[in-house]
*Asks:* 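Dumping the structure here so I can ask a few things about it.
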Amino acid sequence: MQTIPLRALLALLIGAVAGVLGFSLGMPLPWMLGPMLGVTIAALMHAPIAGPDRLRPIVIPVIGVMLGSAITADTLRHLGQWSGTMLILPFALAAAATASYLVYRRLGSYDSATAFYSSMPGGLNEMLLMGAAHGGDERRIALAHAARVLMVIFFVALFFGAFLGVRSNGQSVAWIGLTALSLADYLILAACAVLGVQLAKRARLPAAPVFGPLILSGAAHILGWVTVPPPTLVVIAAQIVVGTIIGSRFIGATLAEVGRDLALGAVATLVMLVMAVAAAFALTLLVDVPLAQAFLAYAPGGLTEMSLMTLAVGQDAAFVSVTHIVRITLVIGVAPALYTLLKPYLSR
């Protein structure tokens with residue numbers, strides 16, 4: 001088993017301290033937002049830290065299991081809502097990506113490839129690889145997506161608190177102790193995590209490290225094999241790791257560079273969130289779904305981060321997670337062909 005480098009341990013320590021501080025101050029989503037901001041500041045101050053990326057293959061399946069634990073038989077009875085969501089999703093994506101592209105192209109003066117792949121609300125790694133293959137600036141694309149995820153989490157937390165009256169500082173969530181699960185529960189959930197990843201990869205499912213464990217965990221909970229979610233301490237640890245990884249993406253960037261990209265990212269993110277709000281309102285007119293839940297489904301954040309936020313504010317995690325999986329799949333599948341088709345016009 002590989003050991004975690006000291007620099008990564010320092011980043012996790014900073015993230016944990018920032019999470020405790022955020023919790024003490026009553027910050028929304030403290031265990032993810034606190035580490036994210038704390039580690040971002042440490043990165044910009046050139047602290048000797050590194051991202052704990054070795055923990056990601058462990059933490060992400062755990063989050064998938066956690067999301068699956070929110071699936072119930074009642075969830076299956078609301079599948080009709082998902083069809084309306086998927087109907088609106090492509091239009092919401094097209095509007096958000098177009099508006100974001102104009103921000104990076106016109107305001108930021110990015111070249112067409114960099115602006116295009118910076119504006120696509122897909123996975124960071126996939127957009128980075130695709131953008132580089134078409135001649136885009138890898139560093140700017142990486143910073144744009146890191147800024148998008150950071151800004152989405154920040155603005156969504158503010159939106160829930162200021163406009164929807166929904167807050168979660170971790171104090172109102174029912175505490176699940178380590179002893180609340182039996183040995184059989186732990187074994188079943190561990191099997192869902194390990195087997196879920198492998199089966200999803202073999203089936204070539206999108207976002208396999210999350211989606212596979214989510215499906216198996218959901219099935220286990222619906223069948224009654226296990227009736228409790230993962231312990232709260234595990235959930236908190238997962239959020240600290242995710243927040244630390246997000247913040248560590250700014251390692252090596254200069255303050256001036258990050259400041260400019262964060263400013264552009266803030267404008268692009270606000271525009272995309274406006275599109276998400278509009279799409280969420282449209283969805284509430286089609287089906288009986290809460291505005292908060294619809295907004296989370298369309299918000300252009302990362303799958304893992306938005307799923308954690310959904311759980312934190314007590315919304316339907318399965319609904320939101322599946323919507324984001326479809327979003328990422330659509331973007332990854334369509335982006336390269338779309339850029340090739342539009343390149344003659346975008347380059348003008």
Side-chain angles (χ1 to χ4, degrees), residues 19 23 29-32 55-82 85 166-201 203 205 207-242 288-290 292-294 296-297 303-325:
F23 180 81
L29 305 167
W31 302 113
M32 182 165 60
L55 292 179
R56 188 175 179 84
I58 300 173
V59 170
I60 299 304
V62 170
I63 292 173
V65 170
M66 178 178 60
L67 296 174
S69 68
I71 298 177
T72 64
D74 188 59
T75 302
L76 301 180
R77 288 193 290 270
H78 290 84
L79 288 178
Q81 296 177 351
W82 298 13
T85 308
V166 178
R167 287 180 61 85
S168 175
N169 59 8
Q171 297 174 351
S172 60
V173 179
W175 184 271
I176 307 297
L178 294 173
T179 58
L181 283 74
S182 66
L183 177 60
D185 291 332
Y186 277 111
L187 291 175
I188 291 172
L189 294 181
C192 290
V194 176
L195 294 178
V197 175
Q198 299 304 318
L199 292 175
K201 285 182 176 179
L205 294 178
V210 176
F211 201 26
L214 185 154
I215 292 173
L216 292 190
S217 176
H221 281 84
I222 289 175
L223 293 172
W225 294 351
V226 59
T227 58
V228 289
T232 304
L233 278 177
V234 175
V235 176
I236 290 174
Q239 293 182 76
I240 290 174
V241 172
V242 171
D288 183 19
V289 60
Q293 185 170 298
L296 282 168
L303 165 63
T304 302
E305 295 80 17
M306 299 314 300
S307 299
L308 286 172
M309 293 188 73
T310 304
L311 283 177
V313 297
Q315 299 298 319
D316 188 340
F319 172 82
V320 173
S321 299
V322 170
T323 304
H324 282 285
I325 288 170

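Only heavy atoms go into these numbers, but all of them, side chains included; no hydrogens, no water, no symmetry mates.
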*Asks:* For V62 versus I58, what's the shortest heavy-atom pair and its separation?
*Replies:*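 So the minimum-distance heavy-atom pair works out to CG2-O, 3.2 Å.
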*Asks:* How close do L296 and M306 get, counting heavy atoms only, and between which atoms?
*Replies:*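 Heavy atoms only, the tightest pair is CD2-CE, 3.7 Å.
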*Asks:* Tell me, please, which residues at least two apart from V59 pass side chain to side chain contact (heavy atoms under 4.5 Å, CB included).
*Replies:*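 If we apply the side chain to side chain contact (heavy atoms under 4.5 Å, CB included) test to V59, skipping adjacent residues, the hits are L55, I63, A238, V241, V242.
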*Asks:* At what distance, to the nearest 0.5 angstrom, does OG1 of T227 lie from CG of L181?
*Replies:*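 So the OG1 of T227 and the CG of L181 are separated by 8.0 Å.
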*Asks:* Roughly how far apart are H324 NE2 and F319 CZ, rounded to 0.5 Å?
*Replies:*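 Answer for the NE2-CZ pair, H324 versus F319, is 9.5 Å.
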*Asks:* Which value, rounded to the nearest 0.5 Å, describes the distance between Q293 atom CD and T323 atom OG1?
*Replies:*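 Between atom CD of Q293 and atom OG1 of T323 there are 8.5 Å.
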*Asks:* Can you find a heavy atom in the side chain of P230 that is under 4.5 Å from one in the side chain of I176?
*Replies:*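 They are not in contact (no side-chain heavy atoms under 4.5 Å apart), so the answer is no.
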*Asks:* Do you know which two heavy atoms are closest between G212 and A200, and how far apart they sit?
*Replies:*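 The pair with the smallest heavy-atom distance is CA-CB, 3.7 Å.
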*Asks:* Evaluate side-chain contact (heavy atoms from CB on, under 4.5 Å) for W31 paired with V235, printing each intermediate quantity in order.
*Replies:* CA-CA 9 Å; W31 302 113; V235 176; over 6 Å; no
*Asks:* Could you pull out all donor-acceptor pairs under 3.5 Å where a side-chain atom in residues 183-193 meets a protein atom, sequence neighbours excluded?
*Replies:*
| unit_1 | atom_1 | unit_2 | atom_2 | d |
| --- | --- | --- | --- | --- |
| D185 | OD2 | S182 | N | 3.0 |
| D185 | OD2 | S182 | OG | 3.1 |
| Y186 | OH | L178 | O | 2.6 |

*Asks:* Show every donor-acceptor pair shorter than 3.5 Å between a side-chain atom in residues 216-223 and any protein atom, with sequence neighbours excluded, or say none if there are none.
*Replies:*
| unit_1 | atom_1 | unit_2 | atom_2 | d |
| --- | --- | --- | --- | --- |
| S217 | OG | V65 | O | 2.8 |
| S217 | OG | S69 | N | 3.4 |
| S217 | OG | H221 | ND1 | 3.4 |
| H221 | ND1 | S217 | O | 2.8 |
| H221 | NE2 | V228 | O | 3.0 |

*Asks:* Mind checking the CD1-CE spacing from I240 to M32? Nearest 0.5 Å is all I need.
*Replies:*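 Reported to 0.5 Å precision, the distance equals 12.0 Å.
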